[in-house]
Every structure is written in C-alpha cells, then in structure tokens.
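Position 1 is the first residue of the sequence, and the numbers go up from there. Hydrogens, waters and symmetry mates are skipped; everything else that's a heavy atom, side chains included, is used.
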Amino acid sequence: MKYIKILMSIFCILLLVGCNGYDGESYDFSNSIQNYVEISHNDCDKGIIVASTDKKVKIEIVTQTPFNMDVTVKCKLEGNGYSKENDIVLPRNEITKKTEIELPEVLSAGQVYTVSIVKCSPEDVRIGRIEGRYTSAKIKVK
C-alpha cells in the first residue's frame, strides 16, 4: 500500500510537470515544419528514374502545402562530364509541377545522371522535408 501511494505521488508530479506548455485550450502546432520543395519519387524505383534515349526525362517537383506566390526551383543535371541547370517554376497555389528535363545529345545505355535541387527562389523555401532526402534522383539510361 505504501508503494502504491509513492507511485501515485510520482505520477501526479510528472503529470503536473508535463503540462507546463499547455495554455488551457490547445497546444500550438502552427510552426511544426517549414514548407519545402522536393523531387517526387512516386514514379521511380528506389530513387532511380529510367530514361530512354529520347533525350528527355520527366520529373515532378512537389511541396507540402501550396505557396501564395510562384516558386522558382533551380535543378542541376550532372553526370558523365555533363552539367546543366534548369529553372522550374512551381505556380502559386499548386502543390506539384511535372516537367521534362533535356538530357545530353549523346546518350548510351548504362549512363547515370543525377538531377538535384540546388536553389529556390524565394530564399526562405526549404529544400527537402528532411535535409538531403528527396532533393535528388538518379537517372539511368536504358
């Protein structure tokens, strides 16, 4: 019986200490995660987009919630001595933007390229929900 009283006392103390941030009505979740942009991996297998030799590959830029302005996403395609940057505009009030990125003129099967988000405008837009995750994708030519 003595142990039960001690355990109940400790439980009550922990309960009161845990309610420090509670204002009596609700907790504040308004700033839980900053809005972000990333490359969707829905259409690819384990982060690898398979491309044919038709010189174009489709990617999709996604965000959590729509922005109230156009967001310019700068993507860089590099690999096999090739490097090119592309600007993709995610329109205001949209959460996805499907676009095509041009591959180099000379392609052969087995080549691997990487497309990555390198910069966003405006500057306060976060790149990737989690640092370094879904900010790039591999493109393999078949």
Side-chain angles (χ1 to χ4, degrees), residues 3-142:
Y3 291 115
I4 293 175
K5 287 182 182 180
I6 292 172
L7 287 174
M8 290 300 286
S9 298
I10 292 173
F11 176 74
C12 289
I13 291 170
L14 290 175
L15 184 65
L16 292 174
V17 170
C19 292
N20 252 352
Y22 187 65
D23 66 1
E25 292 182 22
S26 66
Y27 285 102
D28 181 20
F29 292 108
S30 62
N31 195 14
S32 57
I33 186 169
Q34 182 182 357
N35 207 356
Y36 58 87
V37 292
E38 62 187 16
I39 297 173
S40 172
H41 284 205
N42 291 340
D43 296 334
C44 56
D45 183 34
K46 297 179 184 172
I48 299 174
I49 300 169
V50 178
S52 60
T53 55
D54 66 354
K55 312 280 191 284
K56 290 188 179 186
V57 66
K58 294 179 182 179
I59 66 166
E60 183 178 20
I61 303 294
V62 297
T63 184
Q64 173 189 13
T65 55
F67 292 96
N68 60 358
M69 66 189 122
D70 289 351
V71 174
T72 303
V73 179
K74 187 175 288 287
C75 290
K76 186 174 190 176
L77 177 69
E78 55 189 351
N80 298 313
Y82 179 82
S83 180
K84 183 180 178 185
E85 289 189 352
N86 298 286
D87 287 341
I88 300 166
V89 177
L90 181 65
R92 66 182 291 221
N93 297 327
E94 297 287 330
I95 59 171
T96 64
K97 172 67 176 181
K98 291 183 180 183
T99 189
E100 289 183 339
I101 292 182
E102 289 189 27
L103 295 173
E105 287 295 319
V106 180
L107 290 176
S108 61
Q111 287 180 327
V112 178
Y113 294 90
T114 302
V115 61
S116 333
I117 299 176
V118 292
K119 188 177 178 182
C120 287
S121 176
E123 298 288 329
D124 62 344
V125 176
R126 182 183 172 114
I127 298 174
R129 167 181 8 179
I130 300 171
E131 202 67 38
R133 188 166 180 196
Y134 299 121
T135 58
S136 66
K138 299 276 186 199
I139 299 170
K140 185 173 183 179
V141 180
K142 69 171 185 174

From E60 CD over to I39 CD1, what is the distance, rounded to the nearest 0.5 angstrom?
-> 11.0 Å
Got L103 and Y82 here, is their nearest side-chain heavy-atom distance under 4.5 Å?
-> no
Using only heavy-atom distances, determine whether the side chains of T72 and D87 contain a donor-acceptor pair under 3.5 Å.
-> no
Which residue, D70, V73, T99, forms the side chain to side chain contact (heavy atoms under 4.5 Å, CB included) with V89?
-> D70
Mind listing the closest non-hydrogen atom pair of K140 and I48 along with its distance?
-> CB-CG2, 4.0 Å
d(K76 NZ, I101 CD1) to nearest 0.5 Å is 13.0 Å
With rounding to the nearest 0.5 Å, note down the distance linking CD in E38 to CD1 in I127.
-> 11.5 Å
Supply the atom-to-atom distance L90 CG to K97 NZ, rounded to the nearest 0.5 angstrom.
-> 8.5 Å
Worked verdict on L77 versus I139 for side chain to side chain contact (heavy atoms under 4.5 Å, CB included) = CA-CA 9 Å; L77 177 69; I139 299 170; 3.8 Å; yes
Table please: side-chain donor-acceptor pairs of residues 105-124 below 3.5 Å, with sequence neighbours left out.
from	atom 1	to	atom 2	distance (Å)
Q111	OE1	S108	N	3.1
Q111	OE1	Y113	OH	3.2
T114	OG1	K138	NZ	3.3

Is any side-chain heavy atom of I88 less than 4.5 Å from a side-chain heavy atom of I59?
-> yes
K56 atom NZ: more than 12 heavy-atom contacts under 6.0 Å = no
Which atom of P66 lies closest to which atom of N35, heavy atoms considered = O-ND2, 4.2 Å
Quick one: does C75's side chain get under 4.5 Å of I61's, heavy atoms only?
-> yes
Can you measure from CZ (R129) to OG1 (T63) and round to the nearest 0.5 angstrom?
-> 10.0 Å
